[in-house]
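Contents: one structure, followed by commentary.
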Amino acid sequence: MAQNPQTDKPNLFLYEQPELLTLQNHGDLGMTPLDKPYTFAKGARGVPLTLAEFTSAQRYYPIVFTSLEKPFPIAIVGLLDDDNVFMTDGAWDPACYVPAYLRCHPFAFAGEQQGRIAVVVDRAAATVTTEPKYPFFRDGKLTSEAESLMRFCARYEQERQRTEAFAERLKALGLLASQQATHKAPGSEEEQQIASYVSIDADKLAGLDDSAVLELHKNGTLPAAYLQLYSLDNWQPLLERRERRRQSAA
């Protein structure tokens, strides 16, 4: 992948100007929702994904892992040199699931301080304005709208940590492998490589010993492993979506 959609801080993927949200620095700011809120992701080819999202996401996107060394699942939304093919004129395809990582924006979890959730806000986000519909603060305190978004980010962070542990366990079990997605164009005899990626190896998963299978079953992550494999059927629909966009543009 040309981009690295890891969620490690402070280099938050897709966040242009992340700042710790404070009354002193952001007391006059807030959010104004946009008709097309995901324009900041138009250049993304992959978006971080948590375990809780696999069921919905695997219907639309190939789910792969960022690397063998530091694996984390991502939903593939673009191929080759193209940008996000699930966006048209700045709007996400309304028929497709939108990853929670994008729905957290412009906030991101930054930990807890003195028993309260601390978050980062993307100061450069188009939704962050000085004349907001939903202020971040009112009378020196967080508004209910801001607190609601913070709680969503906190829940996402909990899922992110669980997902990170899942990916590391797959790595420890030796289940991840480098793979390639290929396509044969109509009338062509040659296979074209459309993506190199990291995935669970189906044969290795089938060959797991009983104790490892029981472990994944009991911690609730075994279904996610199979959902990741099922999602790889989406390479062809993704390629077809890309081709339709190219033809429409031409």
Side-chain angles (χ1 to χ4, degrees), residues 1 3-34 37-41 43-44 46-57 61 63 65-67 70-75 77 92 97-129 132-138 140-170 219-221 224:
M1 303 298 296
Q3 295 170 302
N4 181 17
Q6 277 295 83
T7 56
D8 288 346
K9 299 172 179 62
N11 297 317
L12 287 163
F13 178 61
L14 297 177
Y15 287 63
E16 293 184 37
Q17 189 180 334
E19 301 175 355
L20 186 65
L21 180 68
T22 65
L23 175 62
Q24 179 181 359
N25 295 329
H26 308 99
D28 60 341
L29 300 179
M31 286 184 59
T32 298
L34 303 176
Y38 304 115
T39 53
F40 66 94
V47 180
L49 206 64
T50 64
L51 283 172
E53 303 176 89
F54 275 29
T55 300
S56 298
Y61 316 108
I63 301 172
F65 294 86
T66 48
S67 68
K70 193 172 184 180
F72 194 89
I74 57 175
V77 297
W92 203 279
Y97 175 79
V98 179
Y101 183 83
L102 303 180
R103 289 183 276 127
C104 284
H105 192 266
F107 285 166
F109 184 81
E112 293 189 15
Q113 297 181 356
Q114 298 178 344
R116 295 185 63 84
I117 298 171
V119 302
V120 163
V121 62
D122 185 355
R123 182 62 183 84
T127 52
V128 176
T129 69
K133 181 175 182 180
Y134 302 113
F136 292 150
F137 298 93
R138 185 178 292 116
K141 297 181 180 179
L142 284 169
T143 62
S144 59
E145 293 84 4
E147 287 191 329
S148 178
L149 280 170
M150 286 186 176
R151 286 193 295 270
F152 181 77
C153 289
R155 290 194 299 271
Y156 175 84
E157 175 62 14
Q158 290 176 342
E159 279 299 316
R160 190 197 66 79
Q161 292 180 14
R162 188 169 78 97
T163 303
E164 189 173 62
F166 163 72
E168 287 297 327
R169 188 58 182 144
L170 294 179
N219 67 23
T221 61

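Model, not experiment: these values are computed from the prediction. Computed over heavy atoms, backbone and side chain alike; hydrogens, waters and symmetry mates excluded.
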Inset, instruction - Could you tell me which non-hydrogen atom of Glu53 sits nearest to which non-hydrogen atom of Tyr97, and how far apart they are? - result: OE1-OH, 2.6 Å
Legend entry - Any donor-acceptor pair under 3.5 Å from Thr22 side chain to Asn25 backbone: yes
Inset, instruction - May I ask you to decide if the ring planes of Tyr61 and Trp92 are parallel, tilted or perpendicular, using 30° and 60° as cut-offs? - result: perpendicular
Inset, instruction - Write down the atom of Ala108, the atom of Leu12, and the distance for their closest heavy-atom approach. - result: CB-CD1, 3.8 Å
Inset, instruction - Go through Phe137 and Leu142 one step at a time and tell me if the side chain to side chain contact (heavy atoms under 4.5 Å, CB included) criterion holds. - result: CA-CA 4 Å; Phe137 298 93; Leu142 284 169; 3.5 Å; yes
Inset, instruction - Go through Phe107 and Phe136 one step at a time and tell me if the ring pair (Phe, Tyr, Trp, His ring centres under 6.0 Å) criterion holds. - result: CA-CA 11 Å; Phe107 285 166; Phe136 292 150; 5.3 Å; yes
Inset, instruction - Mind telling me whether Phe54 and Phe166 have parallel, tilted or perpendicular rings, with 30° and 60° as the class edges? - result: perpendicular
Legend entry - Donor-acceptor under 3.5 Å (Asp122 side chain, Tyr15 main chain): no
Inset, instruction - Specify the closest pair of heavy atoms between Leu23 and Gly140, including all atoms of both residues, with the distance to one decimal. - result: CD2-O, 3.8 Å
Inset, instruction - State the CD1-CD1 distance between Ile74 and Ile63, to the nearest 0.5 angstrom. - result: 10.5 Å
Legend entry - Donor-acceptor under 3.5 Å (Tyr134 side chain, Pro33 main chain): no
Inset, instruction - For Thr143, enumerate each residue passing the side chain to side chain contact (heavy atoms under 4.5 Å, CB included) test, keeping only those at least two apart in sequence or located in another chain. - result: Pro135, Arg138, Glu145, Ala146
Legend entry - Shortest non-hydrogen separation from Leu49 to Phe72 and the atoms involved: O-CE2, 3.6 Å
Inset, instruction - Kindly write out the residues that satisfy ring-ring contact (aromatic ring centres under 6.0 Å, His included) with His26, not counting sequence neighbours, or none if the list is empty. - result: none
Legend entry - Polar side-chain atom of Tyr101 near backbone of Phe13 as donor-acceptor pair, under 3.5 Å: yes
Legend entry - Heavy-atom pair with the smallest gap, counting every atom of Asp28 and Pro132: O-CD, 4.5 Å
Inset, instruction - Say whether, by atom type as modelled, one donor and one acceptor occur between the side chain of Thr163 and the main chain of Leu51 under 3.5 angstrom. - result: yes
Legend entry - Electrostatic pair Arg155:Glu159 at N-O distance under 4.0 angstrom: no
Inset, instruction - Of all the heavy-atom pairs spanning Leu102 and Tyr38, show the shortest one and how long it is. - result: O-CE2, 3.8 Å
Distance-only criterion, 3.5 Å: show the donor-acceptor pairs between side-chain atoms of residues 147-154 and protein atoms not counting sequence neighbours.
| unit_1 | atom_1 | unit_2 | atom_2 | d |
| --- | --- | --- | --- | --- |
| Glu147 | OE2 | Arg116 | NH2 | 3.3 |

Legend entry - Derivation of the side chain to side chain contact (heavy atoms under 4.5 Å, CB included) call for Val128 and Arg123: CA-CA 7 Å; Val128 176; Arg123 182 62 183 84; 4.2 Å; yes
